[in-house]
Q: 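Below: one structure in structure tokens.
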Amino acid sequence: MALTPPFDPPASLGSPVSPGIRPDLGIRSVFLAGPFIQLLDPETGEMPAGARAPFDVLIKHFEAQGLSVHNAHRREAWGAELMRPEQCTKLDQDEIRKADVFVALPGHPASPGTHIEIGWASAFDKPIVLLLERDREYTFLVQGLHTVASVEYVVHTDIAACLPAVDRAVDLAVLRQREGSGGR
Ligand code: 5HM
């Protein structure tokens, strides 16, 4: 699958001296989306530690840079305080509208809720970063979203190892959105 541009983090970028998201861009908030229901343990109704990890890593990474992060998984206590559909739908849409950047793991298998949110974010003309697992197939409209919206893709095998690439993708998505090109 040809994705533009491929974000393979060079090993050298994995160092703690990574510059992070450009402070001069004034990015204050991020909405972080990704699979939820499919990750709940049927026994406990909660996300196991391994399923929480990518969200946890990204939340901590963004918050360490002073960004405010809205993430439903954390908000709903990783499944322990699951909201009803009529509670979370408008809340999520409002938070995506307010966010400076939208970051999503579309999921494999595809997360239905996340795909709706990706649609909202692109319709709201948000800068979008999509975190795609290497060697997974994603639906055509995810592969092609950069032709109609300000999208950067980060193809990865490990979220923690690609954080510098995520920061760079955030910068580029924001710059592209401000240029008004949106990849179009
Ligand atoms: O269909 P799925 O559960 O994978 O949808 C996940 C996305 O929908 C998340 O990005 C989250 O923002 C939103 N969501 C939510 O806010 C989903 C559920 C359950 O479907 C929920 N709250 N309880």
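By convention here, the first residue in the shown sequence is residue 1. Counting convention: from 1, in listed order, for ligands and their atoms alike.
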Q: At what distance is the nearest protein heavy atom to atom 18 (C) of ligand 1, and which residue and atom is it?
A: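 Answer for atom 18 (C) of ligand 1: Phe36 CD1, 3.7 Å.
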
Q: To check your reading of the model: name the closest protein heavy atom to atom 2 (P) of ligand 1, its residue, and the distance in Å.
A: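 Here the closest protein heavy atom is Ser111 OG, 3.5 Å.
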
Q: Please work out whether any backbone atom (N, CA, C, O) or any side-chain heavy atom from C-beta onward of Thr114 is under 4.0 Å from ligand 1, and answer side chain, backbone, both or neither.
A: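 The answer is both, backbone and side chain.
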
Q: Any N/O of Gly113 closer than 3.5 Å to an N/O of ligand 1?
A: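 There is such a contact, yes.
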
Q: Would you indicate whether the side-chain heavy atoms of Ser122 and Val148 approach each other to under 4.5 Å?
A: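 Contact flag for Val148/Ser122 side chains = no.
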
Q: Suppose we measure from atom 8 (O) of ligand 1 to each protein heavy atom; which comes out shortest, and what is that distance?
A: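 Checking every protein heavy atom, the shortest distance to atom 8 (O) of ligand 1 gives Glu117 OE2, 3.6 Å.
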
Q: Is the backbone of Phe31 close enough, under 3.5 Å, to the side chain of Glu95 for a donor and an acceptor to pair up by distance?
A: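 Looks like no, no N/O pair under 3.5 Å.
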
Q: With a 4.0 Å cut-off on N to O distance, would you call Arg52 and Glu46 a salt bridge?
A: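 So Arg52 pairs with Glu46 through a salt bridge.
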
Q: Out of all atoms in ligand 1, which are within 4.0 Å of some heavy atom of Pro35? Include the element for each.
A: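 Once the distances to Pro35 are compared, the set is 4 (O).
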
Q: Looking only at protein heavy atoms, which one is nearest to atom 16 (O) of ligand 1, and what is the separation?
A: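 Of the protein heavy atoms, Asp92 OD2, 2.4 Å lies nearest.
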
Q: Would one find more than 12 heavy atoms of other residues, nucleotides or ligands at under 6.0 Å from atom CZ of Arg28?
A: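 For Arg28, atom CZ is not crowded (no more than 12 foreign heavy atoms under 6.0 Å).
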
Q: Are Asp94 and Lys90 close enough for a salt bridge, meaning some N to O gap below 4.0 Å?
A: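 Yes, this pair counts.
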
Q: Does at least one non-hydrogen atom of Arg75 fall below 4.0 angstrom from an atom of ligand 1?
A: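 Heavy atoms of Arg75 do come under 4.0 Å of ligand 1.
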
Q: Test of understanding: given a 4.0 Å heavy-atom threshold, classify the contact between Ala33 and ligand 1 as side chain, backbone, both, or neither.
A: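 Contact part for Ala33 vs ligand 1: both backbone and side chain.
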
Q: So is Gln38 touching ligand 1 or not, going by heavy atoms under 4.0 Å?
A: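 Checking ligand 1 against Gln38, which is what was asked, there is no heavy-atom contact under 4.0 Å.
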
Q: Under 4.0 Å from a heavy atom of Ala72: give me the atoms of ligand 1 that qualify, with their elements.
A: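 So the atoms of ligand 1 that pass are 11 (C), 12 (O), 15 (C), 16 (O).
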
Q: Relative to atom 21 (C) of ligand 1, which among His115, Glu76, Met83 owns the nearest non-hydrogen atom?
A: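 Result: the heavy atom closest to atom 21 (C) of ligand 1 is in Glu76.
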
Q: Checking a contact table here: which protein heavy atom is nearest atom 19 (C) of ligand 1, and how many Å away?
A: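 Sorting protein heavy atoms by distance from atom 19 (C) of ligand 1 puts Ile37 CG1, 3.4 Å first.
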
Q: Without swapping roles, check the side chain of Glu152 against the backbone of Val170 for a donor-acceptor pair under 3.5 Å.
A: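 Pair absent, no side-chain N/O of Glu152 close to backbone of Val170.
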
Q: Mark yes when over 12 heavy atoms from residues, nucleotides or ligands other than Glu43 sit less than 6.0 Å from its CD; otherwise mark no.
A: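 Check fails, neighbour count at 12 or below.
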
Q: Flag Gly34 as yes when one of its N or O atoms lies below 3.5 Å from any N or O atom of ligand 1, and as no otherwise.
A: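 Right, the criterion is met.
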
Q: Counting distance only, does the side-chain N/O of Ser111 pair as donor-acceptor with the main-chain N or O of Gly107 below 3.5 Å?
A: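 Side chain of Ser111 to backbone of Gly107, a donor-acceptor pair under 3.5 Å: no, none is there.
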
Q: Kindly indicate, with the supporting measurements, whether the criterion salt bridge (Lys or Arg N to Asp or Glu O under 4.0 Å) is fulfilled by Asp92 and Arg97.
A: CA-CA 9 Å; Asp92 287 336; Arg97 209 189 296 268; over 6 Å; no

Q: Run the numbers for me: atoms of ligand 1, each under 4.0 Å from some heavy atom of Leu82, listed by number.
A: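 With Leu82 as reference, the close atoms of ligand 1 come out as 23 (N).
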
Q: Run the side chain to side chain contact (heavy atoms under 4.5 Å, CB included) check on Leu145 and Phe140 step by step: do they pass?
A: CA-CA 8 Å; Leu145 198 65; Phe140 276 27; over 6 Å; no

